[in-house]
Peer 1: 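The structure that follows is given in the form of structure tokens.
Proteins get letters first, then strands, A, B, ... in listed order; numbering begins at 1 in each.
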Number of protein chains: 2
Amino acid sequence: MTDTLSNIDKKRGGKKAPRFSREPPQQRRAMMIEAATRCLSRGGISGFTVDAICREAGISRGLINHYFDSLDGLLVEVYRASMYKNVASHIQEAKRRRAENIGWPPELALAELIGSNFAPRYFNGDNLLLWLSLWAEIATNPLLKAAHRELYQAYRGELAEDIAAVAAARGRIVDAPTLARNFIALVDGLWLEWCLDETVLTPEAAEAAGFEMIEAQVGPLR
Amino acid sequence: MTDTLSNIDKKRGGKKAPRFSREPPQQRRAMMIEAATRCLSRGGISGFTVDAICREAGISRGLINHYFDSLDGLLVEVYRASMYKNVASHIQEAKRRRAENIGWPPELALAELIGSNFAPRYFNGDNLLLWLSLWAEIATNPLLKAAHRELYQAYRGELAEDIAAVAAARGRIVDAPTLARNFIALVDGLWLEWCLDETVLTPEAAEAAGFEMIEAQVGPLR
DNA sequence: TGTCTTGTTATACCTTTGTTCAACAAGAAC
DNA sequence: GTTCTTGTTGAACAAAGGTATAACAAGACA
């Protein structure tokens with residue numbers, strides 16, 4: 001295909017088009033991480049190969065080892081980016097909302113935080129293979145395990161704070177950290193079941209189940 | 001190592017030990033499936049190679065393609081065996097218990113079925129890589145997806161029946177199928193969280209969360 | 001003991017994998 | 001236009017992958 005293109009270019013008589021473009025390192029790295037992420041969610045760890053990724057990114061094979069220690073190093077970056085996209089940004093958003101909305105009813109903040117887990121942005125089936133692969137990597141790689149622990153802990157803490165705020169405002173005694181942890185487990189479990197068999201539930205049913213678990217302890221939120 | 005052994009045998013002066021033993025096909029297949037399962041749970045799909053499996057099983061490389069269509073065919077058999085071990089046998093046991101214990105308090109049957117999910121036999125961290133790999137295979141292979149759907153549906157049905165029996169005996173209105181589905185999701189989610197970060201909960205805490213979810217709707221079971 | 005069947009081995013084969021590196025050229029600087 | 005820097009290419013390489021198959025030998029049978 002490359003040959004065809006360059007032949008056409010030569011026959012055009014004009015200056016031949018550049019065979020490649022130089023990109024700022026940061027931008028090139030981001031491009032490659034995105035392409036690698038697509039490969040991982042498409043074919044799992046078996047689809048995460050130098051050939052596939054370079055083809056997806058439209059670059060030559062040598063670039064992966066130029067920008068990353070190794071293919072495994074790229075996988076770690078894919079983990080970081082995915083984790084940020086799905087968890088860290090979640091936390092930041094919750095923090096921002098709470099800081100901005102001081103004085104607002106805590107029920108609103110909590111309901112929004114709960115509901116956001118079932119928004120199509122998070123609760124979708126496109127990334128099953130991606131996360132199965134990343135979890136396997138977490139189980140194997142101690143560095144990733146530590147990062148995972150830290151991020152999930154932060155998210156659990158955020159959720160627990162919002163739960164505790166509602167419970168306090170309503171004079172209820174609630175084990176907020178435990179409830180937050182169980183809620184997250186339920187969300188992950190529902191998402192997993194949905195991905196493996198989409199006939200067993202709908203995102204709406206999942207959201208209902210999630211609210212039900214919290215509301216059973218702190219009372220109605222909607 | 002093989003050389004050393006056979007040399008020793010020769011020097012012993014007696015008849016040399018057989019270089020291999022012939023096994024009945026059914027038994028040999030079972031041995032290979034077990035070895036392959038160990039490889040998968042140890043190293044994930046990357047550890048599922050002809051070399052590793054044959055080394056684990058103590059056989060030569062040619063035998064996999066002799067007994068299975070391909071390495072992927074062996075993976076399907078690993079799936080079947082694991083699924084049977086973790087789900088199908090679960091269902092059979094529940095069925096048997098219910099058939100044998102006609103007239104027994106349904107609370108006992110339900111409590112036992114719930115608790116069995118958190119028994120070390122099921123709720124243990126050794127099989128994370130195994131199940132992550134199998135789930136990835138389910139997502140990819142339509143035949144496995146259908147098998148998965150069927151087996152999980154049977155298990156959900158079993159659980160829902162036991163829940164409905166308790167609810168009926170107590171005059172409570174409960175959406176048993178939905179509750180069963182949410183419970184299974186919670187169990188899977190808790191197990192996954194525990195595997196990825198064992199500091200976040202204990203099997204006892206998981207069991208408590210599981211009972212809590214059911215008991216919130218049908219009343220105390222213990 | 002000798003023969004036969006067939007489960008098992010071991011090798012050869014080709015493909016795909018990740019990595020390296022010398023040569024190349026895009027694009028900024030002058 | 002010319003020079004220089006360096007991002008990028010693409011071929012070469014060894015290692016590891018799955019599969020096919022001819023040779024072997026274990027164990028049953030006579």
Peer 1: How would you summarise protein contacts on nucleotides 19-30 of chain D per nucleotide, using B for base, S for sugar-phosphate only and - for none, with heavy-atom distances below 4.0 Å?
Peer 2: B----SBBS---

Peer 1: Of all residues at least two apart in sequence or in a different chain, which pass the salt bridge (charged side-chain N to carboxylate O under 4.0 Å, His left out) check with A/R80?
Peer 2: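 Expected list: A/E77.
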
Peer 1: Please state how far atom CD1 in B/I59 lies from atom P in C/dA10, giving the value in whole angstrom units.
Peer 2: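 Taking CD1 of B/I59 and P of C/dA10, I get 12 Å after rounding.
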
Peer 1: Under the salt bridge (charged side-chain N to carboxylate O under 4.0 Å, His left out) rule, collect the residues that match up with B/R97, sequence neighbours excluded.
Peer 2: B/E93, B/E112

Peer 1: May I ask you to verify if any side-chain N or O of A/Y67 is less than 4.0 angstrom from the OP1 or OP2 atom of D/dT8?
Peer 2: yes

Peer 1: Identify, with sequence neighbours excluded, every residue that meets side chain to side chain contact (heavy atoms under 4.5 Å, CB included) alongside B/A154.
Peer 2: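 So B/A154 forms a side chain to side chain contact (heavy atoms under 4.5 Å, CB included) with B/I91.
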
Peer 1: Judged by modelled atom types alone, do B/T199 and B/D197 share a side-chain donor-acceptor pair under 3.5 Å?
Peer 2: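 Note: B/T199 and B/D197 side chains meet the donor-acceptor criterion.
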
Peer 1: Tell me every residue that passes side chain to side chain contact (heavy atoms under 4.5 Å, CB included) with A/D69, counting only those two or more places apart in sequence or in another chain.
Peer 2: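 Counting only residues at least two positions away or on another chain, A/D69 forms no side chain to side chain contact (heavy atoms under 4.5 Å, CB included).
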
Peer 1: Whole angstroms only, please: what is the CZ-C1' distance between B/R55 and C/dA10?
Peer 2: 16 Å

Peer 1: Who pairs with B/Q27 by side chain to side chain contact (heavy atoms under 4.5 Å, CB included), at least two apart in sequence or on another chain?
Peer 2: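 With neighbours one apart ignored, the set is B/E23, B/P24.
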
Peer 1: In residues 178-187 of chain A, what donor-acceptor pairs under 3.5 Å come from side-chain atoms, sequence neighbours left out?
Peer 2:
from: A/T178; atom 1: OG1; to: A/D175; atom 2: OD1; distance (Å): 3.3
from: A/T178; atom 1: OG1; to: A/D175; atom 2: OD2; distance (Å): 2.7
from: A/R181; atom 1: NE; to: B/V200; atom 2: O; distance (Å): 3.4

Peer 1: Does anything in residues 131-145 of chain A reach DNA chain C, meaning a heavy atom under 4.0 Å, and if so which residues?
Peer 2: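 Nothing qualifies; none.
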
Peer 1: Below 4.0 angstrom, which residues in residues 28-44 of chain A have at least one non-hydrogen atom near DNA chain D?
Peer 2: A/R28

Peer 1: Which donor-acceptor pairs under 3.5 Å do the side chains of residues 38-45 of chain B make with protein atoms, sequence neighbours left out?
Peer 2:
from: B/R38; atom 1: NE; to: B/E56; atom 2: OE2; distance (Å): 2.5
from: B/R38; atom 1: NH2; to: B/E56; atom 2: OE2; distance (Å): 3.3
from: B/S41; atom 1: OG; to: B/T37; atom 2: O; distance (Å): 2.9
from: B/S41; atom 1: OG; to: B/R38; atom 2: O; distance (Å): 3.2
from: B/R42; atom 1: NH1; to: B/E56; atom 2: OE1; distance (Å): 3.2
from: B/R42; atom 1: NH2; to: B/E56; atom 2: OE1; distance (Å): 3.2

Peer 1: Side chains of A/R121 and A/S89: does their closest heavy-atom pair fall under 4.5 Å?
Peer 2: yes

Peer 1: Between P on D/dG10 and CG on A/D51, what's the gap in Å once rounded to a whole number?
Peer 2: 13 Å

Peer 1: Is there any ring-ring contact (aromatic ring centres under 6.0 Å, His included) pair reaching into residues 50-98 of chain B, and which pairs are they, with sequence neighbours excluded?
Peer 2: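 Residue pairs passing ring-ring contact (aromatic ring centres under 6.0 Å, His included), neighbours aside: B/H90-B/Y122, B/H90-B/Y155.
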
Peer 1: Would you mind reading off the distance between A/F68 atom CZ and D/dT8 atom P, rounded to a whole angstrom?
Peer 2: 12 Å

Peer 1: Rounding to an integer number of Å, can you tell me how far A/H66 NE2 sits from D/dG10 C1'?
Peer 2: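 After rounding, the reported distance stands at 15 Å.
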
Peer 1: May I have all residue pairs that pass side-chain hydrogen bond (donor to acceptor under 3.5 Å, both in side chains) and include part of residues 131-148 of chain B, sequence neighbours excluded?
Peer 2: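 For residues 131-148 of chain B: none.
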
Peer 1: How close or far is atom P of D/dG7 from atom CD of A/Q26, stated in whole angstroms?
Peer 2: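 So the two atoms are 13 Å apart, to the nearest Å.
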
